**Student:** 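Below you'll find the structure I mean.
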2 protein chains.
Amino acid sequence: MERLIRSTQELLWERGYVGTSPKAIQRAADAGQGSMYHHFTGKAQLARAAIERSGAELREAAEDQLSGSGTATERITDYLERDREVLRGCRIGRLTSDPDVMADPELRQPIDETFTWLRARLAEIVAEGKRNGEYPGSLDPEQTAATIAAVLQGGYVLARAAGSVEPFELAVKGLINLLPEATK
Amino acid sequence: MERLIRSTQELLWERGYVGTSPKAIQRAADAGQGSMYHHFTGKAQLARAAIERSGAELREAAEDQLSGSGTATERITDYLERDREVLRGCRIGRLTSDPDVMADPELRQPIDETFTWLRARLAEIVAEGKRNGEYPGSLDPEQTAATIAAVLQGGYVLARAAGSVEPFELAVKGLINLLPEATK
DNA sequence: GTCTATACAACGATAGAC
DNA sequence: GTCTATCGTTGTATAGAC
């Protein structure tokens, strides 16, 4: 059951929801049909569990960099530049282009929550930067947070399109350079 | 045959490649099996034609704003703020999360070319801005271009996750605000 | 060129034995 | 709890008539 969830996480990351069949999940988890349908009502419920798990992992991983010490720009830069499997894309963000996920509120909800949390967390850090004078009063925390999150998500898209991590890294460096008081 | 390509464009946009069946294409195009398989060898070849078409349309639409008159920031802002069907996502960018598209070089190529073109075009404009003194010498054109393209692609992802255009608009405004000499 | 018929695998789930 | 059998549907394509 633990293996079922983990295998589903992997397959959703790699192939999306539409592209993942119950049979493929069973094979990856080394479980039979009966086992899967005993623990879950079907593909959708299992996917929901897997997406929630991946969302929680994403939040934890982000918090690792974002809760560190240092200036706002330092923490944001740490977050942007941490090691990522860029060419695999974002396991949460990619589900956003899956029609059956978007059509099912149960499946979309954990995705919504994950990004809503991320933007709020980034906005907090930007707001801190404003309070201690690191950032000018003209900087809007919610806007800037959305921009940061978007550069990452868009960076994945550009990198996969190119078959190379380069566009991702360019986009991140470009953003860091645009942040006020950039270290360069 | 024209209808087949157009219907495929729509379905790829909405459901992706894995999620689109030949039968669905035929229904949408009001064409029979025989017709489709007479003009194309199969789903892949038809998809290739549709993706190329969509890529060309994306380039034309971008050029509408990017080739205008005005400062670099004005043209980039025009491009970022033009009307878009945000919640439908980017018809090219979304294919980037489709495993069967990424696995087939024939299908990935037009996607790669489209974004490579876009980043180069944006980099030209940033470089122009540097030459005429609008932007400081420290601004890297390729980096900044990648950042701009990424904000759009990521903006789509965040908006679809939220079920609202708001995150897209926040991300765009945030970026415009970060650009040197922002009008704001 | 377009139609209908046919093929065969995969999808997603259920049933009933153990 | 897990296994095997079965089911009806859809996916993707080919064949051959018109």
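Hydrogens, waters and symmetry mates play no part in the numbers below; they use all other heavy atoms, side chains included. Quick caveat: nothing in here was measured; it's all calculated off a predicted structure. Residue numbers begin at 1 in each chain, while the letters A, B, ... track the order of the sequences.
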**Student:** What integer distance in Å separates A:F40:CZ from D:dG1:C1'?
**Tutor:**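 Going from CZ in A:F40 over to C1' in D:dG1 covers 14 Å.
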
**Student:** Between B:R75 and B:E128, is there a side-chain N and carboxylate O pair less than 4.0 Å apart?
**Tutor:**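 So B:R75 pairs with B:E128 through a salt bridge.
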
**Student:** Checking side-chain polar atoms at under 3.5 Å, does B:T96 have a donor or acceptor matched by the opposite partner on A:Y156?
**Tutor:**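 No, because no side-chain N or O of B:T96 sits under 3.5 Å from a partner of the opposite role on A:Y156.
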
**Student:** Send over the distance from B:L46 CG to D:dA13 C1', rounded to a whole Å.
**Tutor:** 14 Å

**Student:** How close or far is atom P of D:dT2 from atom CE of A:M36, stated in whole angstroms?
**Tutor:** 13 Å

**Student:** Taking NE2 from A:H38 and P from C:dT14, how many angstroms apart are they, rounded to a whole number?
**Tutor:**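 Answer to the nearest Å: 15 Å.
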
**Student:** Quick check on A:E52: does its CD atom have over 12 non-hydrogen neighbours (other residues, nucleotides or ligands) under 6.0 Å away?
**Tutor:** yes

**Student:** If you pin A:G34 and A:S21 to their nearest nucleotides in DNA chain C, which one's is more 5'?
**Tutor:**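 Nearer the 5' end of the strand: A:S21.
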
**Student:** Between D:dA17 atom P and B:Q33 atom CD, what is the distance in whole Å?
**Tutor:** 18 Å

**Student:** When the distance from OH of B:Y17 to C1' of D:dG11 is rounded to whole Å, what number comes out?
**Tutor:**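 These atoms are roughly 12 Å apart.
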
**Student:** Please report the distance, rounded to the nearest Å, between CG in A:D100 and C1' in D:dG11.
**Tutor:**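 Roughly 15 Å, once rounded to whole Å.
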
**Student:** Does any part of the side chain of A:R91, heavy atoms only, come nearer than 4.5 Å to the side chain of A:E57, both counted from C-beta?
**Tutor:** yes

**Student:** Taking 4.0 Å as the cut-off, does a side-chain nitrogen or oxygen of B:K43 come that near to OP1 or OP2 on D:dT12?
**Tutor:** yes

**Student:** Send over the distance from A:Q26 CD to C:dA10 C1', rounded to a whole Å.
**Tutor:**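 That distance rounds to 13 Å.
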
